[in-house]
Q: 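If you scroll down you'll find the structure; I have some questions about it.
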Amino acid sequence: MKQQIAASLEVAFSQYGFAEPNVDKLKTACNVSLRTLYKHYPSKESMVIAALDYRHQRYLAYLESERPEDGVQSIVHTFQKLGDWMADYAPHGCLSMNAIAAFPKQVQINQAVLQHKAEVRDLLGKYSQRPDLANTLLVLHEGISSAWPILGENAISSATSALLTLLNHSEMTTSNQEYSL
């Protein structure tokens, strides 16, 4: 029951944002009584964290599906999957970043988002086989999420182009360093 409520909360916050839905609307979206909702999630902040945690697990599983082996193909595929995710599940931008914007002083929400982003960063480094570029890859990933509501698919193509340039330049720099030793 707790997982079903978290899944429904994720959908509700994604659809309505964080400011609009009051607890009564969230209860209705979850199709449970107010007592059941509060039994599992005793505050709106705990509801937000549950939704973010549920979405985090769902997003990581989504990125992992049909992924080629680690390397350039894998990271390009990851960016393509991000585009599909944005189109299907986040047309208004990243739910995590929207949560921080809605609750800038709520420490637990901010920690949940920071943990999510750190895990995504680490996966990007792993998938690309370039952990040294993990922060840069996260910046590209987040740029896609932020620009999606304005640019749509162009955010993916632009970030993918920048990604390929980065990886090509980075490989050339590494090769040059090896030769100069």
Side-chain angles (χ1 to χ4, degrees), residues 2-18 29 47-103 108-171 174:
K2 193 170 185 170
Q3 280 295 93
Q4 288 176 323
I5 294 171
S8 297
L9 288 168
E10 177 209 355
V11 170
F13 288 127
S14 182
Q15 186 176 11
Y16 303 118
F18 293 101
M47 294 174 203
V48 170
I49 292 167
L52 292 174
D53 288 344
Y54 184 84
R55 190 171 186 101
H56 169 70
Q57 294 305 319
R58 203 163 69 83
Y59 182 63
L60 295 183
Y62 187 83
L63 288 182
E64 189 65 33
S65 68
E66 303 172 6
R67 187 179 59 81
E69 291 298 315
D70 296 339
V72 174
Q73 287 181 331
S74 180
I75 197 69
V76 168
H77 175 79
T78 300
F79 279 31
Q80 294 300 318
K81 293 288 281 189
L82 173 58
D84 295 343
W85 176 270
M86 297 304 295
D88 293 342
Y89 305 111
H92 306 296
C94 176
L95 189 66
S96 295
M97 296 310 291
N98 292 342
I100 284 181
F103 300 96
Q108 292 174 317
I109 291 173
N110 282 274
Q111 286 175 338
V113 172
L114 290 174
Q115 180 180 348
H116 164 67
K117 297 302 181 181
E119 287 185 40
V120 170
R121 180 198 61 221
D122 293 345
L123 278 179
L124 294 171
K126 176 187 170 211
Y127 289 173
S128 66
Q129 295 180 333
R130 294 297 308 268
D132 59 313
L133 295 177
N135 285 332
T136 305
L137 295 172
L138 181 65
V139 168
L140 288 171
H141 178 277
E142 294 305 299
I144 291 169
S145 298
S146 295
W148 182 266
I150 298 164
L151 297 177
E153 285 292 327
N154 287 331
I156 300 298
S157 57
S158 295
T160 301
S161 177
L163 169 71
L164 294 173
T165 300
L166 168 71
L167 292 175
N168 186 40
H169 175 72
S170 179
E171 285 178 12
T174 303

Q: Can you confirm whether H56 sits close enough to S96 that some side-chain heavy atom of one is under 4.5 Å from a side-chain heavy atom of the other?
A: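 Of all side-chain heavy-atom pairs linking S96 with H56, none is under 4.5 Å.
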
Q: Looking at Q4, is its backbone amide N or carbonyl O close enough to the side chain of S8 to form a donor-acceptor pair, meaning the two atoms are under 3.5 Å apart?
A: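 Judged by distance alone, yes, a pair lies under 3.5 Å.
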
Q: Any side-chain heavy atom of S128 within less than 4.5 Å of one from L137?
A: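 Yes, their side chains come closer than 4.5 Å.
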
Q: Would you indicate whether Q108, at its atom CD, is surrounded by more than 12 heavy atoms from other residues, nucleotides or ligands within a distance under 6.0 Å?
A: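 Not buried by this count: 12 neighbours or fewer within 6.0 Å.
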
Q: Apply side-chain contact (heavy atoms from CB on, under 4.5 Å) to residues S74 and Q129 and explain how you reach the verdict.
A: CA-CA 9 Å; S74 180; Q129 295 180 333; over 6 Å; no

Q: Determine the minimum heavy-atom distance between A50 and A6, stating which atoms define it.
A: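 Shortest heavy-atom separation between A50 and A6 comes out as O-CB, 3.9 Å.
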
Q: Give a yes-or-no answer on whether the side chains of Q115 and Q111 include a donor-acceptor pair shorter than 3.5 Å.
A: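 Distance-only check fails for Q115 and Q111.
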
Q: If the condition is salt bridge (Lys or Arg N to Asp or Glu O under 4.0 Å), which residues does R67 pass it with, not counting sequence neighbours?
A: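 E64, D70.
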
Q: Between N110 and F103, is there a donor-acceptor pair closer than 3.5 Å when you use the side chain of the first and the backbone of the second?
A: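 Indeed, once roles are kept as given, a pair shorter than 3.5 Å links the two residues.
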
Q: Taking the six-membered ring of Y89 as reference, does the NZ or CZ atom of R55 fall below 6.0 Å from its centre and within a 45° cone about the axis?
A: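 Negative - R55 is either too far from the ring of Y89 or too far off its axis.
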
Q: Are side-chain heavy atoms of N135 and R121 found at a separation under 4.5 Å?
A: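 When only atoms from C-beta onward are counted, R121 and N135 do touch, with a gap below 4.5 Å.
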
Q: Report yes if some heavy atom in the side chain of I144 is under 4.5 Å from a heavy atom in the side chain of L151; otherwise report no.
A: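 Contact flag for I144/L151 side chains = no.
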
Q: Any non-hydrogen side-chain atom of L124 less than 4.5 Å from a side-chain atom of V120?
A: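 Yes; the side chains approach each other to less than 4.5 Å.
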
Q: Is there side-chain contact between D84 and Y62, with at least one heavy-atom pair below 4.5 Å?
A: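 Result yes, sub-4.5 Å side-chain heavy-atom pair found.
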
Q: Tell me, which pairs form a ring-ring contact (aromatic ring centres under 6.0 Å, His included) where one or both residues lie in residues 130-160, sequence neighbours left out?
A: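 Only Y59-H141 qualify under ring-ring contact (aromatic ring centres under 6.0 Å, His included).
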
Q: Shortest non-hydrogen contact from I109 to I49?
A: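 Residues I109 and I49, closest heavy atoms: CG1-CG1, 3.7 Å.
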
Q: Please report the interatomic distance OG(S145) to NE2(H92), rounded to the nearest 0.5 Å.
A: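 Between atom OG of S145 and atom NE2 of H92 there are 14.0 Å.
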
Q: Mind listing the closest non-hydrogen atom pair of L166 and L140 along with its distance?
A: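 L166 and L140 have their closest heavy atoms at CD2-CD1, 4.5 Å.
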
Q: Mark yes or no for whether S161, through its side chain, and S158, through its backbone, hold a donor-acceptor pair below 3.5 Å.
A: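 Side chain of S161 to backbone of S158: no pair is present.
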
Q: How far does CD1 of I100 sit from CG of L95, to the nearest 0.5 angstrom?
A: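 Taking CD1 in I100 and CG in L95, the distance rounds to 11.0 Å.
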
Q: Search all heavy atoms of A155 against all heavy atoms of A147 and return the closest pair with its distance.
A: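 So the two residues come closest at CB-CB, 4.1 Å.
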
Q: Nearest heavy-atom pair of A99 and V48: which atoms, and what distance?
A: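 Nearest pair, atom of A99 first, then V48: CB-CG1, 4.3 Å.
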
Q: Side-chain contact, heavy-atom cut-off 4.5 Å: E119 with L60?
A: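 Yes, close enough: below the 4.5 Å cut-off.
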
Q: For the residue pair W85 and R58, establish whether any side-chain heavy-atom pair is separated by less than 4.5 Å.
A: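 They are in side-chain contact.
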
Q: Between SG of C94 and NE2 of H116, what distance do you get to the nearest 0.5 Å?
A: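 Answer rounded to 0.5 Å: 5.5 Å.
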
Q: For the CD atom on Q57, are there more than 12 heavy atoms of other groups (residues, nucleotides or ligands in this structure) within a distance under 6.0 Å?
A: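 Correct, the count exceeds 12.
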
Q: Specify the closest pair of heavy atoms between F79 and T160, including all atoms of both residues, with the distance to one decimal.
A: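 Heavy atoms of F79 and T160 come nearest at CB-OG1, 4.0 Å.
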
